[in-house]
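Remarks on the structure that follows.
Since we're looking at a predicted model, the values are computed, not measured.
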There are 2 protein chains.
Amino acid sequence: MIESKVTELLKKTQLSVTDGRRRILELFLQHEGALSHGDIEKKAGEKFDRVTVYRTLQAFLEKGLIHSIPSSDNSIRYALCKDDCSDGHHQDDHVHFICNRCGNTTCLEEVVVPSIKLPRGYSAQQVEMLVSGICKSCGGA
Amino acid sequence: MIESKVTELLKKTQLSVTDGRRRILELFLQHEGALSHGDIEKKAGEKFDRVTVYRTLQAFLEKGLIHSIPSSDNSIRYALCKDDCSDGHHQDDHVHFICNRCGNTTCLEEVVVPSIKLPRGYSAQQVEMLVSGICKSCGGA
DNA sequence: ATAACAAATGCAACAAAGTTGCAAAAAGAA
DNA sequence: TTCTTTTTGCAACTTTGTTGCATTTGTTAT
Ligand SMILES: [Mn+2]
Ligand SMILES: [Mn+2]
Ligand SMILES: [Zn+2]
Ligand SMILES: [Zn+2]
């Protein structure tokens, strides 16, 4: 069950398990694809205060439960991390895909971000790769 | 002179040349690195209305004068395009670097975004690569 | 189970960012 | 210059994000 998975994850990351956190984590587990703050606010319904959603995402981020995905439309998305992300140390080196038709953002876990050679003087700490186009579900044609 | 370059660019893109547009384009030409809406608002001073800045960036974007750079902090940056970007068709296939020390975002024109193989069903229309770390100026020591 | 303590939540009051319609002003064309 | 079109500024508004504080809830130890 998702119920137990949720509690397990919260326990593992040393977060006290509250209704809000359970609900939001549940949303991530159910929903294939990334969620923005706004998405969560809508999906979680009236039950939780907006501020709580902000703080919960913040906490999840810090604990390495979720990672954030940059965007070109001023609305960061978040998605669950794999097990190897822990307390502050993220290890999400996969490509993200943004569908121009359905608008969904997906983690392409199987596609690793290629390494890259930077000009002299620059040193990289993190690399993000964002691909936009038509996703599998929308591809149809 | 920058003055004439500015006017030339506006004429070329069929934008009527106004004080606001001149000023903002000037900022882009002077400033090495990308600018956010907020940056521009500050740098342009009290002289221009916030709404005008929004509309100007929008216009520049559509005409292929500038391109936008995704971010993880809900503040899109913009930078000048090269000559080969025109009316709606952008051709900015370079890597963007975000410095964690000085906060500047730079176009690494000389670093081309590597191509990538997507899983079956996905088709790419655009690829963005964002590298964060320490930039040339901050690298020092 | 209860009490004590620590942490999370909701609320209120803000601040900041973004949007829209419209009248006035400025650009471009004739 | 005059006419026409486009851009601008303003006002009013919506949405998004932040902060402090009192209350509620979760956790741990008795
Ligand atoms: Mn991801
Ligand atoms: Mn660029
Ligand atoms: Zn899609
Ligand atoms: Zn720097």
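For the pair B/Lys63 NZ and D/dT6 C1', the computed distance is 12 Å after rounding to whole Å. What separates NZ of B/Lys42 from C1' of C/dA16 is a distance of 10 Å, to the nearest Å. Look at CG on A/Asp49: it is 13 Å from C1' on C/dA13, rounded to the nearest Å. A/Phe48 has its CZ atom 20 Å from the C1' atom of D/dG17, to the nearest Å. Atom pair B/His37:NE2 and D/dT15:C1' shows a separation of 15 Å (rounding to whole Å applied). Atom-to-atom, OH of A/Tyr54 to C1' of C/dA12 comes out at 16 Å; the value is rounded to the nearest Å. Atom CG of A/Asp19 is separated from atom C1' of C/dA7 by 15 Å (rounded to the nearest Å). Distance CG (B/Leu15) to P (D/dT7): 7 Å, rounded to an integer number of Å.
Residues B/His37 and B/Tyr78 come closest through the heavy atom pair N-CE1, 4.4 Å. Between B/Ile69 and B/Cys107 the shortest heavy-atom distance is CD1-SG, 4.5 Å. Between B/Met129 and A/Ile116, the closest heavy-atom pair is SD-CD1, 3.6 Å.
Within the nucleic acid shown, A/Lys11 has no heavy atom closer than 4.0 Å to any nucleic acid atom.
The residue among B/Gly20 and A/Ser75 whose nearest nucleotide of DNA chain D is located toward the 5' end is B/Gly20. For B/Gly38 and B/Arg22, each mapped to the nucleotide of DNA chain C holding its nearest heavy atom, the one lying further toward the 5' end belongs to B/Gly38.
Between D/dT6 and B/Ser16, no contact under 4.0 Å exists linking OP1 or OP2 to a side-chain N or O. Under 4.0 angstrom from either OP1 or OP2 of C/dA17 there lies no side-chain N or O belonging to B/Arg50. OP1 and OP2 of D/dT25 both lie 4.0 Å or more from every side-chain N or O belonging to A/Thr18. The phosphate of D/dG17 has OP1 or OP2 within less than 4.0 Å of a side-chain N or O from B/Asn74.
Counting atom types as modelled, A/Arg55 pairs no side-chain N or O with a base atom of D/dG17 as donor and acceptor under 3.5 Å.
Donor-acceptor pairing under 3.5 Å is lacking for the side chains of B/Asp49 and B/Thr52.
Of the candidate nucleotides D/dT8, C/dT19, C/dA8, C/dT19 has the atom lying nearest to any side-chain atom of B/Val51.
Ring-plane geometry between B/Tyr122 and A/Phe97 is classed as perpendicular, the angle between the planes exceeding 60 degrees on a 0 to 90 degree scale with a lower cut at 30.
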